[in-house]
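Report on the following structure.
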Protein chains: 2
Amino acid sequence: MAKSPQKKSSAPASGNAVTADLVAVLVAVTDGTPKIVTIAGGSALPSGPFEFTHRSLQTALRAWVEAQTGHPLGYVEQLYTFADRGRSGDAKSPHSVSISYLGLTREDRVGEGFEAHWSGWYDYFPWEDHRAGAPSSLAKIIAPKLKAWAKAAPSPTLQRERWQRCAITFGLEDRDWNEELVLQRYELLWEASLIPEANHSRGREASVVPGKPMTADHRRILATGIARLRAKIKYRPVVFELMPAEFTLLQLQRSVEALAGRLVHKQNFRRLIEQQELVEETGAMAADTVGRPAKLFRFRHAVLAERAVAGTKLPLSRT
Amino acid sequence: MAKSPQKKSSAPASGNAVTADLVAVLVAVTDGTPKIVTIAGGSALPSGPFEFTHRSLQTALRAWVEAQTGHPLGYVEQLYTFADRGRSGDAKSPHSVSISYLGLTREDRVGEGFEAHWSGWYDYFPWEDHRAGAPSSLAKIIAPKLKAWAKAAPSPTLQRERWQRCAITFGLEDRDWNEELVLQRYELLWEASLIPEANHSRGREASVVPGKPMTADHRRILATGIARLRAKIKYRPVVFELMPAEFTLLQLQRSVEALAGRLVHKQNFRRLIEQQELVEETGAMAADTVGRPAKLFRFRHAVLAERAVAGTKLPLSRT
DNA sequence: CATCTTATGCTCACGGAGAGTATAAATGGC
DNA sequence: GCCATTTATACTCTCCGTGAGCATAAGATG
């Protein structure tokens, strides 16, 4: 640490200028479908430049999201910062830094008349929805292609290691599936050249996996967001940001299941929600429903003060 | 999302140029003391510019850290990206973006003769070391000052809420202390103006809390790093990056305790480590030791392949 | 009224985690 | 050589969280 500029003040804005963009993964859940805001016909995540007028990164994000959708974001959280070599491939063009954020809203809070629209997130990651069991494309398409990729490794040992990695990451061969490994699965598919974005403009479109592609690394950012959210709902009461003011416990459960991509044991779910006092009854009952009517609940905002910091748990069963 | 430049290609490097710096929290543990690399007499974290020659952020970080310390980093992980308004306070000066990383090494792998040196991380956060019980400064200094701050709130309700937040965050009044809330505690102290960095050059140095300050927001970045590491050691085998090639189980335990800032139940610790097959015996025994000699172990690097993805657990007892 | 669907209450069994007891193996002092 | 001290290591016990299933209630529909 001898020579280089260690203190910020010693090298102000010299040769290391870059451009900074904010990229947003804006999530909502509408009757059992997790959705994200997309632009350009669903091929990109909304993004905007980080400009001088913004006081902080989060301020910047909130500002342009609210300006463009007409409604405020609830929970906002930074995801990850990516750096790309100059876009045109020109070595002299500046670096670009993309700072990605996860934001939670509700679909009905976003205005009409914008280029943006909602897309189901499983359109981009069909292999991530295990609510009706492992998706058929997993066994039919993905697993065989991964197996072929594993077999293509130079040595038998490496072949075994590759396949083991695939099996663990995707929950193949009777292993249990871990819903949080969204990013690892995406990167594994990328490594196996099964993601169209990875094929560096060579025309081998045939050997890819189902799922809508996106511009640049936007699908990777989305994977990061899904993974983060799936992890977070287990210990923080963030699902409620995605719920309407009043809801039944089943609706809440369906939202959690939609995000997690897997089913939950109903009675245990209710037990956990209630014993943690996350919700309170409104007194009203749900209307327009088949079966026995359910009580309506609302989120107890008080818990944010009581336990802003402590934990919350959601049960995600394994079967 | 109508008018503003959503697609990256539509506004290349227009008015949103910023400077990007990488800031590193480089951690080692030497006989029971967690240490970090600091510069400028311990008042700053090492940082370097993100330049054109670097292929990625992590590459850039590894490059200059290895160049400056003479040894490779093991585990590296991105922490958080901060944005500061132009340093000089001049509104026209460019934004600066600081991308912070957590890196794990060992003290003996870092060369001599650099400006950098090692500082104990509890020098900066004395209230974070609960290994010998809650530090005395907590009850004697911090709690009273926080109580005073809570009392200063405008309404009784707000006063109660503030104090409740303090009590939860710091584990006061017989609550149990959560070692992961490093950042929350720091920010609470900041909010209560008990952190010198927060006093905007007004001379109220008297009412601050013990602990060495740092330049700019470097102490906040360090807090982020400590928090991340404390969370991570519980489910990923990252401690081993900080251990020598061979070690006893007690040494391993001491390292975990040093990082976590709290003690661990010895027998349960060993049970967990062994049943997870994280280590294997070397066959040799520890020398130069009081008491019954202990077996030496080494990390089973194979688990990284087996469970790169799955979990690992460390017991952190509550008493 | 039978049936279907959803809501809601209760019980049970397993396993993991926290904590304690007991014994073994070394050292150093007398 | 004996004893106190220190650390290592093996077991045991209990509690509780969690997954899972059973049973019943309360509506709608034909």
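Predicted model only: the values in this text are computed from it and were never measured.
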Kindly say if B:K266 contacts the phosphate of D:dT7, meaning a side-chain N or O under 4.0 Å from OP1 or OP2.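 Answer no for this pair, as no side-chain N or O of B:K266 is under 4.0 Å from OP1 or OP2.
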
So, is A:R270 near the phosphate of C:dT8, with a side-chain N or O under 4.0 Å from OP1 or OP2?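 Affirmative; the distance criterion is met.
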
Write out the stems for DNA chain D, ordered by first number and formatted as range with range, counting runs of at least 3 consecutive Watson-Crick or G-U wobble pairs under 3.5 Å.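 Only these stems qualify: C:1-30 with D:1-30.
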
For B:E179 and B:R230, run salt bridge (charged side-chain N to carboxylate O under 4.0 Å, His left out): C-alpha distance rounded to whole Å, both residues' side-chain angles, the deciding distance at 0.1 Å, then the answer. CA-CA 7 Å; B:E179 74 278 358; B:R230 283 185 171 179; over 6 Å; no

Give the rounded distance in Å between these two atoms: [atom1] of [X] and [atom2] of [N].
{"X": "B:L252", "N": "D:dT7", "atom1": "CG", "atom2": "C1'", "value": "16 Å"}
{"X": "A:F269", "N": "C:dA7", "atom1": "CZ", "atom2": "C1'", "value": "14 Å"}
{"X": "B:L250", "N": "C:dA25", "atom1": "CG", "atom2": "P", "value": "19 Å"}

Here's a test for you: under salt bridge (charged side-chain N to carboxylate O under 4.0 Å, His left out), which of B:R220, B:R165, B:R219 qualifies with B:E187?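 With B:E187 as partner, salt bridge (charged side-chain N to carboxylate O under 4.0 Å, His left out) holds for just one option, B:R220.
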
Nearest heavy atom decides the nucleotide; on that basis, is B:P293 or A:Q251 closer to the 5' end of DNA chain C?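 It is A:Q251 whose nearest nucleotide is closer to the 5' end.
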
5'-most contact on DNA chain D: B:G291 or B:K295, nearest heavy atom basis?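 Its nearest nucleotide being more 5', the pick is B:G291.
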
Identify which nucleotide among [options] has an atom closest to any side-chain atom of [X], counting heavy atoms from C-beta outward.
{"X": "A:T248", "options": "C:dG18, D:dA8, C:dA7", "answer": "C:dA7"}
{"X": "A:V290", "options": "C:dT6, D:dT7, D:dA26", "answer": "C:dT6"}
{"X": "A:Q267", "options": "D:dT9, C:dG9, D:dG27", "answer": "C:dG9"}

Which part of the nucleic acid, if any, lies within reach of B:L249 when heavy atoms closer than 4.0 Å are counted: base, sugar-phosphate only, or nothing?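 Nothing, no nucleic acid heavy atom in range.
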
Heavy-atom side-chain contact between A:Q253 and A:F247 under 4.5 Å: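 With C-beta onward as the side chain, the pair stays apart.
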
Atom CG in B:L296, atom OG1 in B:T248: separation rounded to 0.5 Å?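 Those atoms lie 7.0 Å apart.
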
Answer yes or no: side-chain N or O of A:R292 and base N or O of D:dA26 forming a donor-acceptor pair under 3.5 Å.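 Checked by distance alone, the answer is no.
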
Under 3.5 Å, is there an N or O donor on one side and an acceptor on the other linking the side chain of B:R271 and the base of C:dG16?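 Between C:dG16 and B:R271, which were checked side chain against base, a qualifying N/O pair under 3.5 Å is absent.
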
Among A:I226, A:T224, A:L222, find the one that has a side chain to side chain contact (heavy atoms under 4.5 Å, CB included) with A:V182.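 Running side chain to side chain contact (heavy atoms under 4.5 Å, CB included) over A:I226, A:T224, A:L222 with A:V182 returns exactly one hit, A:I226.
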
